[in-house]
Peer 1: 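The following block contains the structure, expressed as structure tokens.
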Number of protein chains: 2
Amino acid sequence: MKLSTTIRYGTRLMLDMAKQGDKGPVRIRTIAKRQGISEKYLEKIVRLLRKGGLVDGLRGPGGGYVLALPPDKITMADILEAVQGKVELCPCLDEPEACIKHLSCKTRKVWGEINQIIWTKLQGISLADLRDSVCPSEEEMEPADKLMQF
Amino acid sequence: MKLSTTIRYGTRLMLDMAKQGDKGPVRIRTIAKRQGISEKYLEKIVRLLRKGGLVDGLRGPGGGYVLALPPDKITMADILEAVQGKVELCPCLDEPEACIKHLSCKTRKVWGEINQIIWTKLQGISLADLRDSVCPSEEEMEPADKLMQF
DNA sequence: TATAAAAATACCTCATTGGTATGTTTTTGT
DNA sequence: ACAAAAACATACCAATGAGGTATTTTTATA
């Protein structure tokens, strides 16, 4: 019931890219510095996002990563699915046959509903939504203070 | 984003006790056998529930555990809090000062809302609710088939 | 009062995962 | 040819989840 840093870092990475706009490929090193996250760890995460089709990787000099879709087409649900896969709260939601009570089990029903709520909510929030809700005083901050924890 | 067995076992344990009604103290060994869960592991979990004030432990021969409250006064939220403490999805929900953007950060708002939804939902479901939604064919089952996974 | 039943306590193990670091290989623009 | 960057492989450490063993304390009762 805790969010892994993979999700939080992944979201920050994607949001960082969305904020840069369309200035061409962004080096992972740049984002790592800007966000105060380990470069190599971010590399690993961004590769998950690439496999999920959310970013494109461009090799060679001048290369880097770009969003594969416009920010309003990428949702938090997409990011979560890319870095963690479809996550279910408990096994019986994935495989009903794992529990013979799956039809009548109220506990299962509860977890299923919560699962659904989370999913629906994250699907409704795009990178554009996140980008457009910046902190008003953000521009005045020192770079070090711009770190977001999420 | 996955439920630990602590929560699932804890819930099963509490539900098992609720189903027994008021027949006096129940040995942890009995529940462990009935639920197909490691006895020693269940012991550890039930002690968390005791510290949380949800069950009372009675030592000596004929002893065991009893619910500390009537089943309709114990909610799934109570159980979760007893075995895991108040769990927040991300650190900034607990300690806003951990992130300078806490006032404007939309991501934080999202996690906070999801947190709230989960909490409210679990608070609304009592052991009595769970107990009264049994499987119709449960009585006909072999003991081994009564295992619930949750 | 001795005994046995049960909770309570204190450890310890082991596998998995999360988070990070280091080094190498492949691609590609110049 | 060279250098920049992604891509890949691997190893490490700490924390956690899941479970086990052994001992101590309390208490009913024979």
Side-chain angles (χ1 to χ4, degrees), chain A residues 1-13 17 23-33 35-68 80 82-85 87 89-91 149-150, chain B residues 1-13 17 23-33 35-68 80 82-85 87 89-91 149-150:
Chain A
M1 297 282 293
K2 263 205 160 308
L3 300 175
S4 63
T5 55
T6 310
I7 296 180
R8 299 195 278 119
Y9 290 179
T11 308
R12 283 164 66 177
L13 186 150
M17 290 181 64
K23 303 176 190 168
V26 187
R27 273 164 307 177
I28 207 64
R29 172 172 303 168
T30 308
I31 298 179
K33 276 189 185 158
Q35 296 288 334
I37 302 173
S38 147
E39 182 182 334
K40 283 300 184 180
Y41 191 35
L42 257 197
E43 262 185 31
K44 195 181 287 186
I45 295 172
V46 80
R47 252 174 271 136
L48 296 172
L49 294 167
R50 195 189 128 271
K51 280 181 186 158
L54 301 186
V55 298
D56 289 324
L58 306 171
R59 295 178 171 200
Y65 288 95
V66 292
L67 294 182
L80 196 144
V83 300
Q84 294 221 319
V87 180
L89 285 177
C90 61
Q149 195 189 34
F150 287 9
Chain B
M1 297 282 293
K2 262 204 160 311
L3 299 174
S4 63
T5 54
T6 311
I7 296 179
R8 299 194 279 121
Y9 289 0
T11 308
R12 282 164 65 176
L13 185 151
M17 289 181 66
K23 302 176 191 168
V26 187
R27 274 163 307 176
I28 208 62
R29 171 172 304 168
T30 307
I31 299 179
K33 277 190 185 158
Q35 296 288 334
I37 301 175
S38 146
E39 182 181 336
K40 283 299 180 180
Y41 192 37
L42 255 198
E43 264 185 29
K44 196 179 288 184
I45 294 172
V46 80
R47 253 175 271 136
L48 296 173
L49 294 167
R50 195 189 128 269
K51 279 180 187 159
L54 300 186
V55 299
D56 289 324
L58 306 169
R59 295 176 170 202
Y65 288 95
V66 292
L67 293 182
L80 196 144
V83 300
Q84 294 222 320
V87 180
L89 285 177
C90 61
Q149 193 191 36
F150 286 8

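Proteins get letters first, then strands, A, B, ... in listed order; numbering begins at 1 in each. All values derive from a computational prediction rather than experimental measurement. For the numbers below, each heavy atom of this structure counts, side chains included, while hydrogens, waters and symmetry mates do not.
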Peer 1: Could you say whether B:K44 or B:I28 is positioned toward the 5' end of DNA chain C, judged by the nucleotide with the nearest heavy atom to each?
Peer 2: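 Its nearest nucleotide being more 5', the pick is B:I28.
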Peer 1: What is the distance, to the nearest angstrom, from the CD atom on B:Q35 to the P atom on D:dG19?
Peer 2: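 Between P of D:dG19 and CD of B:Q35: 14 Å.
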Peer 1: A:K51 NZ to D:dC8 C1': how many Å, rounded?
Peer 2: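 Those two atoms, NZ and C1', are 9 Å apart.
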Peer 1: May I ask you to evaluate whether A:Y41 reaches the phosphate of D:dC12, defined as a side-chain N or O under 4.0 Å from OP1 or OP2?
Peer 2: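 Looking at the OP1 and OP2 atoms of D:dC12, neither is under 4.0 Å from any side-chain N or O of A:Y41.
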Peer 1: For the pair made of CG in B:L48 and C1' in D:dG19, what is the distance, rounded to whole Å?
Peer 2: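 Interatomic distance, CG of B:L48 to C1' of D:dG19: 14 Å.
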Peer 1: Does B:R50 make a side-chain N or O approach to OP1 or OP2 of C:dA8 shorter than 4.0 Å?
Peer 2: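 Indeed, a polar side-chain atom of B:R50 lies that close.
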Peer 1: Just the rounded figure in Å: distance from C1' of C:dG19 to CD of A:Q84.
Peer 2: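 Result: 13 Å.
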Peer 1: Between B:T5 and D:dG17, does any side-chain N or O lie under 4.0 Å from OP1 or OP2?
Peer 2: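 Result: no.
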Peer 1: Report yes if a side-chain nitrogen or oxygen of A:S38 is closer than 4.0 Å to either non-bridging phosphate oxygen (OP1 or OP2) of C:dA21; otherwise report no.
Peer 2: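 A:S38 to C:dA21 OP1/OP2: side-chain N or O found under 4.0 Å.
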Peer 1: Which residue, B:E43 or B:R59, contacts DNA chain D at a nucleotide closer to its 5' end, judged by nearest heavy atom?
Peer 2: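 So the residue in question is B:E43.
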Peer 1: Between A:G60 and A:R47, which is nearer to the 5' end of DNA chain D once each is assigned its nearest nucleotide?
Peer 2: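 Whichever sits nearer the 5' end wins; that is A:G60.
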Peer 1: Starting from P on D:dG17, measure out to NZ on A:K2 and report it in whole angstrom.
Peer 2: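 After rounding, the reported distance stands at 11 Å.
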Peer 1: Judged by each residue's nearest nucleotide on DNA chain C, which is more toward the 5′ side, A:P61 or B:L58?
Peer 2: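 By nearest-heavy-atom nucleotide position, the 5'-most residue is B:L58.
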